[in-house]
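All residue numbers refer to positions in the sequence shown, counting from 1. Note that this is a predicted model, so its numbers are computed, not measured. When reading the values below, keep in mind they use all heavy atoms of this one structure, side chains included, and skip hydrogens, waters and symmetry mates.
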Amino acid sequence: SDHGSPPQTQPPPPGFTVPAFVVPGFTVPGFTVPGFTVQHHPALIRLGEVHREVAALGPHVCTFSGLQNDREYKRLERELAKLQLEVDQVDTEGRADLQAARKRAAQEVEGLLRYMEENATHPSRLAIEQLSTEARSLVEDKIVAPQRSGGVAEINDELVDALQELVLKLTQVKTEGRIPLRKARYRALTRLCAVQEVIEGRTQQTLSLPLSDDTHEAVHRINNIMVKVSVARGQLVALLMGLSGRDSCAHLSRILTELQVELDALDVSGNSVVRNYRKQVVEEINGLLKQLDLEEEGDDTRRYDLAQNDSIREIEGVRSHVFQLREAVLRSCFMGDFSFRPKAELQSLVTRLDQVDTAKNPCIREARRRAVLEVQAVITFLDLREALTFRQPCPGEHPAYRAVWTVLGNLSELQAQVLGFDGKRADKSYLMLEELLTKQLLALDAVDPEGHEPTKVSRKQAVKFAQNILSYLDMKTDEWEY
């Protein structure tokens, strides 16, 4: 859903009658016109058949997440074009009622065709593909190609950072609530995150091994298996990124399972060092096998439609609570009542958010991070209001120090407006808030501490505070969605 608003139900394609696969319990009606039933006229019988065929294709079209050059796209396009031709060939005998029924059938077929094309060519879908292509190119150059040529993969911090940057860009792609776009983004993210995990598992490996072959008779075989596991790791990365034309997940799974069986058959009793070595190799194989489960994962709606995710629901529940507290705080401040300070309650919400299981999903992580910032924004607002309320200037207070506090007072008033802002970046009120906050930063920049240490510290804190308000305003209006 869009950040700051509840998840929206995805509308059906234009001209498409919503059939049973979208609304549970809805049955596909037959075509009828006044004075006729399906049994009474061949044209209506055929149109009724077309309607049912459209309903059967609907689920595949409405969840297709690929591009126009994909084999599945071409298959669905052929099926729909065939139905379109059959509808055109229905003889209506010049009857207006039969023509109306044929028109409805044609609109359903055209609606699905148009919907599929819109999703496959949507700017967000193309952006997902572009980011996926960049990731594939990166992995091909640094990992897959070197290993295929018998060399060593270039796994370093630069590669890890580059992949993380691509993950962040993918989380920022807008899907407009469209299931095909959500599915495409989810599949791209899960595979890229899996590659990250495989790479990080290698870079963070703590084995001070392999052991010498002289340690135990089983060590030689374990070392050979470790070499095969290293090769399998490269094959897995290639599979996840779509860079392996020959291998399949099932084939690689069989290889890894066979290696596990071979390890289980080794007799390492009586030698705890070798037994621990074997255990670590087995755990590494289990980690690779876990990533192979991604093959069909993207077809599960509950995974890519995060509105159904329990962690997201927990985060949204916290955000709803924060919204209520924020409105109550702003209402109290407007009335001049500064006694309402639900700071302990807000801190408990941060604790709840810290306990949310993100399952290493970058979208859930980002949703949690943003929710934490929403809570912290209210807490910092309350803290500054309290400081301003109880502030007692000294008679000989440094003028520059007093000037900083004047700016802080202005920032507190502006923060109240930012907390209550619920518009877009194109709105005049947004532009006004942005300009006023920038002016406060300029006012702070003009303050000369004249070597006064408390003024230096307070000015630095005030600048950071103003920048945080600007960042929060920016976050509220960036239309991010999970």
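Of the inter-residue distances, the one linking Q196 atom CD with L159 atom CG reads 9.5 Å to the nearest 0.5 angstrom. In this structure, NZ on K169 lies 14.5 Å from CD1 on I128, to the nearest 0.5 angstrom. Atom CG of L83 is separated from atom CD of E49 by 11.0 Å, given to the nearest 0.5 angstrom. Atoms NE2 and CD, from H251 and Q235 in turn, are 6.5 Å apart once rounded to the nearest 0.5 Å. Summarising the geometry, atom CD belonging to Q415 is positioned 4.5 Å from atom CD1 belonging to I469; distances are rounded to the nearest 0.5 Å. Note: Q260 CD to I225 CD1 = 10.5 Å, rounded to the nearest 0.5 Å.
Within the 4.5 Å cutoff, side-chain heavy atoms of L256 are placed close to those of L252. Considering only heavy atoms from C-beta on, L263 comes within 4.5 Å of I285 through its side chain. Counting only heavy atoms from C-beta outward, the side chains of L437 and L411 approach each other to under 4.5 Å. Residues V173 and L131 meet the side-chain proximity criterion, which asks for heavy atoms closer than 4.5 Å. In this structure the side chain of P342 reaches within 4.5 angstrom of the side chain of V329, judged on heavy atoms. Two residues are said to be in side-chain contact when any heavy atoms from C-beta on lie closer than 4.5 Å; V139 and L240 fail this criterion. Counting heavy atoms from C-beta on, the side chains of E110 and L80 never come closer than 4.5 Å. A 4.5 Å side-chain heavy-atom check between C193 and P362 finds at least one atom pair inside the cut-off.
Using a cutoff of 4.0 Å between basic side-chain nitrogens and carboxylate oxygens, K82 and E79 are not scored as salt-bridged. Ion pairing of R104 with E108 is absent here, as no side-chain N (NZ or NE/NH1/NH2) approaches a carboxylate O to less than 4.0 Å. A salt bridge links R319 with E316; the closest basic N to acidic carboxylate O contact falls under 4.0 Å. Between R178 and E118, at least one side-chain N (NZ, or NE/NH1/NH2) sits under 4.0 Å from a carboxylate O, which counts as a salt bridge. D474 has a carboxylate O that lies under 4.0 Å from a charged side-chain N of R425, or vice versa, which qualifies the two as a salt bridge.
At distances below 3.5 Å, not a single donor-acceptor pair connects side-chain atoms of K183 with backbone N or O atoms of F64. Of the possible polar contacts, none joining the S230 side chain to the M226 backbone as a donor-acceptor pair under 3.5 Å is found. No side-chain donor-acceptor contact under 3.5 Å links D70 to the backbone of E72. No donor-acceptor pair under 3.5 Å is formed between the side chain of S320 and the backbone N or O of G317. At distances below 3.5 Å, not a single donor-acceptor pair connects side-chain atoms of K343 with backbone N or O atoms of I379. Between the side chain of T171 and the backbone N or O of C363, no donor-acceptor pair lies under 3.5 Å.
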Query raised in the report: What's the verdict on side-chain contact (heavy atoms from CB on, under 4.5 Å) for Y73 and L67, showing C-alpha distance, side-chain angles and the deciding distance?
Result: CA-CA 7 Å; Y73 182 96; L67 301 168; over 6 Å; no
Query raised in the report: Can you list the steps and then say if L373 with Q376 is a side-chain contact (heavy atoms from CB on, under 4.5 Å)?
Result: CA-CA 5 Å; L373 289 177; Q376 290 174 340; 3.6 Å; yes
Report task. With salt bridge (charged side-chain N to carboxylate O under 4.0 Å, His left out) as the test, would you mind laying out the steps for E129 and R125 before giving the verdict? Result -> CA-CA 6 Å; E129 187 62 23; R125 182 63 188 87; 3.6 Å; yes
**Report entry** Verdict with reasoning, R365 to T358, per side chain to side chain donor-acceptor pair (under 3.5 Å)
**Finding:** CA-CA 6 Å; R365 280 203 302 261; T358 64; 5.0 Å; no
Query raised in the report: How far apart are the C-alpha atoms of E366 and R369, what are their side-chain angles, what is the distance that settles it, and do they pass the salt bridge (charged side-chain N to carboxylate O under 4.0 Å, His left out) test?
Result: CA-CA 5 Å; E366 177 65 8; R369 184 189 73 83; 2.8 Å; yes
Query raised in the report: Where do K439 and E435 land on the salt bridge (charged side-chain N to carboxylate O under 4.0 Å, His left out) test, with the steps shown first?
Result: CA-CA 6 Å; K439 284 182 177 179; E435 181 182 354; 3.7 Å; yes
Report task. Kindly indicate, with the supporting measurements, whether the criterion side-chain contact (heavy atoms from CB on, under 4.5 Å) is fulfilled by V356 and V318. Result -> CA-CA 11 Å; V356 170; V318 171; over 6 Å; no
Query raised in the report: Can you list the steps and then say if K424 with D427 is a side-chain contact (heavy atoms from CB on, under 4.5 Å)?
Result: CA-CA 5 Å; K424 297 184 177 181; D427 295 351; 4.1 Å; yes
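Across all their heavy atoms, S124 and L181 have their closest contact at CB-CD1, 4.2 Å. Looking at every heavy atom in both residues, S253 comes nearest to L289 through OG-CD2, 3.8 Å. When all heavy atoms are compared, the tightest approach of A188 to S132 is CB-OG, 3.6 Å. Of all the heavy atoms in S412 and L384, the pair that sits closest is CB-CD2, 3.7 Å. Looking at every heavy atom in both residues, V229 comes nearest to L259 through CG2-CD1, 4.0 Å. In terms of heavy-atom proximity, I179 sits nearest to C62 at CG2-O, 3.9 Å.
E93 CD: more than 12 foreign heavy atoms inside a 6.0 Å radius.
For R185 and T175, the side-chain atoms include no donor-acceptor pair closer than 3.5 Å. Between the side chains of E345 and H321, at least one donor N or O sits under 3.5 Å from an acceptor N or O. E176 and H122 share a donor-acceptor pair across their side chains, judged by distance under 3.5 Å alone. There is no side-chain donor-acceptor pair under 3.5 Å between Q172 and D478. At a cut-off of 3.5 Å, with distance as the only test, a side-chain donor of T133 or R136 sits close to an acceptor on the other residue.
Each of L470, L436, L473, L419 was checked for a side-chain contact (heavy atoms from CB on, under 4.5 Å) with L414, and the lone residue meeting it is L436.
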